[in-house]
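To start, the structure itself, in structure tokens.
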Amino acid sequence: HLTIELCIKEIESCQRISDGPTFIALLGNQYGHRPIPRLIPETEFELLISKLPKASESLKLLNQWFSKDSNSVPPTYILKPITAHYPHYKSRLLQALRTAAQQAERDGDISVDQKHKFFKSVLEYEMEHGFLKTQKDASVVLFFRELPRLSKRNYKKNFAKFLLDVTADGLLDTEARELLADLKQRICNTGHLQPLCMELSKGAMDPSRKEHKEYLGKLCEQVTSQMKELISRNTLQTSGTCSTEDPGWSLLKQEIFHHAVLSEEKCSVFKGRDSILGKICIDMWESSNVCHEPFLVHGPSGVGKTALLCKLAQEMRGVVDHRGVVVLRLLGTSPLSSDLDSVLRGVCLQVCGALGLQFPYPHISNTHEELVRFFHSMLEDVSKQGDTLLLILDSLDQLLEANKPPQLDWIPKVIPPNVQIVLSISDDCVEKCKSLVSAEPNVFGVEPLTDDQGKDIIDAYMSAAGRKLTSEQLGTVLNSFQQSRSPLHLKLLLDTAKQWPSYTSMSNVRLGTSAQEVMTQFVETLEENHGKKLVSHALCFILLSRNGLSEAELQDVLSLDNDVLAEMYKYWLPPSHTLLRFPRLHWSRLRHDLRAHLMERWEGGVILLGFTHRQFAELVRKRYLSRDMKADMHNILAEYFSGQWSQGQLRPILLPSLSTLLNADRKVPPQPLRFTGEVANIRKLNELPYHLAHAGKWEELCQSVLGSLDWLCCKTLQCGVSCVIRDLSLCTDLTDCPEIQMLKETFLLLKPSLDFNPSLLVTELFSRLQCLTDLYPSMIGQLCSQCVDWFGSYTDPVLVPKSSFFQAPGGPLKSTLTGFTRGDIKELNIGFRELLVAGSEEGLIIVWSLNHLQTLHNLSGHTAGVLSLKLMDKTNHCLSTGLDGTLRKWCLISGQQIFCITDAVSVQTHTPTHVHMIEERKIIITNPRCDRTLCVFLVTLTSMQKVLDLHHDASVLCAVSSSEGSEIITIDLVALFKVWSVTTGALLDWIGVMDSAVASLAVHQRTIISASVIANQLKVWQLDYNTKHRSKTFIPAYCPLVALSKDGDTVFYVKEGDETEIFTWSCSEGETCLRSDSMDVSSEVCCMELAQQKRLLFCGLRTGTILIYPLDLAPETLCLPPPENLPTVRSMAISPREDRMAVAYEDAVCIFEITSRDSFPCVDGPLERYSLCLLHSPISTMALLYDSRLLYGTFGGEVVIYDFKSATAAELDHHGAAITCITMSNWDAQALIGSQDCVQKLWNLSPVLLNHTMEYKVRTIIIFYVYNSVLLTSVFAADLQ
């Protein structure tokens, strides 16, 4: 009897969801099934009965088939189930109703429309709700078919029942024909019905006939074209209204609307709880003008915490003024409320938008630490503005479960005035939040409901549903409720009770005494009504999906499920042997019965189904999900989201009604990675790896997902690198695959870079994995091969790594800890609870857990840089001093400041001394005289004896000992970690760091943490690692001079502090930082230039000599002698044709000619000379142009262009600091000039004109390269880790 209701709900669902056509009608020559109305109002039914003769058969039929339901408000007569009496009474019952209705209409007791509902077909109901009542012209496609030459003699043929309405006796139903004609006329009056005429062939449609083929072609063409037109039109309208809106705002609006709808539902029948609501409101009011802790609401599952907080939000919205905002998040009910960063991002955007605050920048939104810091500062800004903010987060345990290990650092321990944060959590997780709330008045326990509260809720719930209960039914519900006094239990009872008619006897009704028992009874009823296979599989598919399934997806998946289809077609054959789908009506019926337990939520513009209650999800899991069934269902979901059975692929099935295997098309949609170039298939990106992993399809997962560069790029750009890491973590939890582990570690290493700039993915991926292709050829080798292909096909400029210079996964670098906004991290300390504490020049102190490498606390208090940190032994406290002169004590468990003493320390700058003591071995490590030598002293009670000298190639920056004291770890100026034996002084290991200068080191067991004076990150290194994964392509840091070959294969450099030796490094050979080919020179090298085509290396010396190394004729060396006064060679420049060279001395610039004699290179000259005045600042860098002009910069910041032809000089510009680099574009059309004050300027040289000025927040720009018109800038402060 639910056919009409189900059809109308389907139409309403389409009108609510679809952006394109919402209703398509292909109207033929049948009026269709005319059902008996299931519900008839009491007054109308009794009126109909009065029109029938007493003691008539019709009157008996109506009284036999309809029963009065006094529980309905107003009372209603209900049609009994068809199985209650003999089914052939249907036509007689309809005739009785129609006779009575016609008489009532003739007597003027009811209207024509009231009479018509007893004659109306399902088709007319659908047309009315889909088009006639709504008149949504822009979303409707309508056609109707006419049979113009159908003669009366054809009406009696058997085929007529397929095309026309006939009575039970097989005669033409003239009444139905008239009703159909009236319906078509109503539609024609709207001007939207388009007729299509067709003449039958022998009473049937014959596609082989020309006119029938043309008819079908015309019909398909018109339907398709109109649907496309509607989709395009509505898409343009939607995009037009949202074209200026950030996509993030659209998602945020959906999220806010989602929680508002859920909150309204929770509040609609909320009763009682006045006491706890009043306490919370009073405590919030009392703490509104002072700093305070969050408020915590706790209670057992199902006690009503969510409804309580929804009611609190509703009440507070009526209290706060226009300068206040109430933000509510029911955590775990939507994808954006199930992930910590998404919650923080959404809350920050909503608050900033509502109160006019600065929005977070994109790089802040992509990084957890930056998001937490912004969230905290936003709360402070709200307080300072005098605005009011109430943030309510329900079900905090949902986030704790989603983030392993649980993170609480984002919740501030001290909340500023005018800001309130209310959290709710189940009793099972309340211990985890003890560090958040120490004040007992801020903790509220939710008690079970009282009997009176239960009765009030029953009255409100039934009133909202338009129902009531008999006294017997009410007593039964109350008796069951009193067993638990749980709001969830009561709600489930009422979901059942509201369906009881007043004539339902309680003698055979058994209600569960707990929420779990009621849900179990409900599921058992579903299995009886819909079939166990359908119920169990449909519920499990929803449960096993990562974020839920849309109704369309669920029906597609059920169409791929052979077990469900076998149950559907157990006793009859499917309509088609070539096309097999799960019947839509079966899902509509099940969806109708499940409505109280299903919840809709938006994800990426799609409405997904999920379960309303966690307890119901747990019931489904325990009742149905065996290990084998779980794997099978994940496999079906994986096949669906991979598109395996789409585009006509036939899936075999063995139906009970058939003895042979049936291969049928399931008509499921394809699943491309991208729908268009910019629109990705987000559902596939989220769901496919999850189901492949749980189905154990590792080969397919590694080949088509994790081993696909296209997939990794698409998911990183669309979902973020954190989502890729989540997929990889899921896989490593389920299987022990070295390649997946390596890929996971790779993404963990490159996450800080990709959070800032996701377009660097391929470059970073290739540079980290290139050295591992031989060890892991299957997936990592495949990825690197795809990277090479990607570099070759990419049309935009891109950096292509020539070697694996970044730290590889599985190597010494374990992780990067972020959180500071600026560099110069002053202090590192590790406590006995494995807590890492670091302070920086910005005054911020951050506490990390070394076990999980996650931020625990951000300690803000110092108004200037941190000077020192001291962890107090075997306590949870830390002391800090700062340049603000304060001494502060902190609790590392709560993150709160215990006390602050002002003017406690001197703020005079001091130079740190490199002294480290190993107390267990009575050893002191220091460098008293030479900064390249570290001395190890053995200390006794009366003396101190030097036992070891540890020699380094560069100045030692830091030194620490391992936890057991058997090793010494040092870091020098060339960014080289060295591990020494305390016993023998032997060098045990070395690690190329390639980082900016290390300011501090800390050791925990076999882990080293390094802090930089420039980078705002901490590096976590491990001493125990796979040496095969160590990066072999390492160039020492801080090389003062570098020359690079054009192909990037060879680098010539001079080390810091050793400027009399030139080293050669090769990409192919690598690992040359300790043992490399070198060229000794007689004096300090001041500058180097490389003639790329002629392969000549020029080295200018302090003595004025220029050494020329023919790279193809090693070990030959040419010498260009110095001028008589032996001036220092300041700079050199080679012309683009490599036929001339400019050399800048102290007092002049000379031009030399580069030629060859007998195939041997030769340098002649000087051909020309440009003398510099005595007051002229020394030249720092220069470039020699095609047209005999010289462009140079000086240490004083001048930029000058000199023309040798006219012997004239012109100053172009004057920077505020020394010019460090000049590079020319192809054909010398433009010049880019950089200086130590972090300024770059782009100049046109013909004519001379300034194009652009660029400024950077880094220390020094040291070198430029131009390759195919692409500018590459190397920055002194770059973090290359």
Judged by atom type as modelled, is there a donor-acceptor pair below 3.5 Å linking the side chain of D69 to the main-chain atoms of S502? yes
Roughly how far apart are C7 SG and Y125 OH, rounded to 0.5 Å? 11.5 Å
So, taking the atom named OG in S121 and the one named CE in M127, what distance separates them when rounded to the nearest 0.5 Å? 10.0 Å
If the condition is salt bridge (charged side-chain N to carboxylate O under 4.0 Å, His left out), which residues does K9 pass it with, not counting sequence neighbours? none
Please round to the nearest 0.5 Å and tell me the distance separating atom CD of Q473 and atom OG1 of T476. 7.5 Å
For S70 versus P75, what's the shortest heavy-atom pair and its separation? CA-CB, 4.4 Å
Side chain to side chain contact (heavy atoms under 4.5 Å, CB included) between L52 and L62, intermediate numbers included: CA-CA 10 Å; L52 296 175; L62 292 182; 3.4 Å; yes
Does the ring of Y503 carry K68 above it, NZ/CZ under 6.0 angstrom from centre and within 45° of its axis? no
Can we say K51 and D109 salt-bridge, meaning some charged N sits less than 4.0 Å from an Asp/Glu carboxylate O? yes
Just how far is it from atom CG of L526 to atom OG of S536, taken to the nearest 0.5 Å? 11.0 Å
Contact between F582 and V557 at the side-chain level, heavy atoms closer than 4.5 Å - yes or no? no
Is there a side-chain contact between F119 and Q102 in this structure, where contact means two heavy atoms from C-beta onward sitting under 4.5 Å apart? yes
Check salt bridge (charged side-chain N to carboxylate O under 4.0 Å, His left out) between E265 and all other residues, then give those that pass, not counting sequence neighbours. none
With no hydrogens and no angle check, is any side-chain donor or acceptor of S657 less than 3.5 Å from a backbone partner on Y569? yes
So that I can tick it off, tell me whether K532 and E567 are bridged by a salt bridge, with the cut-off set at under 4.0 angstrom between side-chain N and carboxylate O. no
Atom CD of E264: over 12 foreign heavy atoms under 6.0 Å: no
For the residue pair F118 and R34, establish whether any side-chain heavy-atom pair is separated by less than 4.5 Å. no
Sorted by chain and residue number, the salt bridge (charged side-chain N to carboxylate O under 4.0 Å, His left out) partners of E126 (sequence neighbours excluded) come out as none
Taking the side chain as every heavy atom from C-beta outward, state whether L79 and P37 have any pair of such atoms under 4.5 Å apart. no
Which residues satisfy the side-chain contact (heavy atoms from CB on, under 4.5 Å) test with A465, sequence neighbours excluded? R467, K498
Tell me the closest heavy-atom pair linking F611 and L539, and the distance in Å. CZ-O, 3.4 Å
Which residue pairs pass the salt bridge (charged side-chain N to carboxylate O under 4.0 Å, His left out) test with at least one member in residues 219-230, sequence neighbours excluded? E229-R233
Working for side chain to side chain contact (heavy atoms under 4.5 Å, CB included), residues E124 and H116: CA-CA 11 Å; E124 186 164 352; H116 186 54; 3.0 Å; yes
Working to the nearest 0.5 Å, report the span between CG of D561 and CG of L565. 7.0 Å
Applying salt bridge (charged side-chain N to carboxylate O under 4.0 Å, His left out), name anything that partners R651, two or more places apart in sequence or on another chain. E639
Specify the closest pair of heavy atoms between S545 and I542, including all atoms of both residues, with the distance to one decimal. OG-O, 2.7 Å
Tell me yes or no: between the side chains of S58 and S56, is some donor less than 3.5 Å from an acceptor? no
Less than 4.5 Å apart, any side-chain heavy atom of E600 and any of L608? no
Side chains of P583 and M568, heavy atoms from C-beta outward: is any pair under 4.5 Å? yes
Write out all pairs satisfying salt bridge (charged side-chain N to carboxylate O under 4.0 Å, His left out) with one or both partners inside residues 93-104, taking only residues at least two apart or from two chains. R98-E175
Check: S111 main-chain N/O paired with Q114 side-chain donor or acceptor under 3.5 Å: yes
Does anything in residues 37-56 form a ring pair (Phe, Tyr, Trp, His ring centres under 6.0 Å)? List the pairs, not counting sequence neighbours. F45-F66, F45-Y77
I'd like to check D459 versus K468 (side-chain heavy atoms, cut-off strictly below 4.5 Å). Are they in contact? no
Applying ring-ring contact (aromatic ring centres under 6.0 Å, His included), run through F522 and H597 and close with a yes or a no. CA-CA 10 Å; F522 171 73; H597 293 276; 4.6 Å; yes
CD1 of I40 to CD of E46: how many Å apart, nearest 0.5 Å? 11.5 Å
Is the centre of the Y624 ring less than 6.0 Å from the centre of the H537 ring? no
Looking at residues at least two apart in the chain, or sitting in another chain, which of them share a side-chain contact (heavy atoms from CB on, under 4.5 Å) with L579? S576, R581, K667
Backbone N or O of Y640 within a donor-acceptor pair of the D556 side chain at under 3.5 Å? no
Within the side chain of T76, is there an N or O that forms a donor-acceptor pair under 3.5 Å with the backbone of S72? no
Heavy-atom pair of closest approach, residues P35 and I4: CG-CD1, 3.2 Å
Flag side-chain contact, heavy atom, 4.5 Å: D113 against K117: no
Between S67 and W65 (side chain of the first, backbone of the second, donor and acceptor by atom type, cut-off under 3.5 Å), is there such a pair? no
Should D182 and Y31 be marked as a side chain to side chain contact (heavy atoms under 4.5 Å, CB included) after you check the CA-CA gap, both sets of side-chain angles, and the distance that decides it? CA-CA 10 Å; D182 292 341; Y31 186 56; over 6 Å; no
Apply side chain to side chain contact (heavy atoms under 4.5 Å, CB included) to the pair M599 and H613, showing each step before the final yes or no. CA-CA 9 Å; M599 173 180 61; H613 310 292; over 6 Å; no
Return the set of residues passing side-chain contact (heavy atoms from CB on, under 4.5 Å) with L650 (not counting sequence neighbours), or none when no residue passes. N663, D665
Looking only at non-hydrogen atoms, find the nearest pair between P574 and L662 and report the distance. CG-CD2, 4.5 Å
CZ/F257: more than 12 non-hydrogen atoms of other groups inside 6.0 Å: no
Heavy-atom closest pair (A497 atom, V477 atom, distance to 0.1 Å) is CB-CG2, 4.0 Å
For H586, ring-ring contact (aromatic ring centres under 6.0 Å, His included) partners two or more places apart: none
Taking 4.0 angstrom as the limit, do D495 and K491 come out as a salt bridge? yes
Can a donor-acceptor pair be found, under 3.5 Å and without considering hydrogens, that links the side chain of S559 to the backbone of Q555? yes
With sequence neighbours left out, write down each residue that passes side-chain contact (heavy atoms from CB on, under 4.5 Å) with L654, or none if nothing qualifies. L661
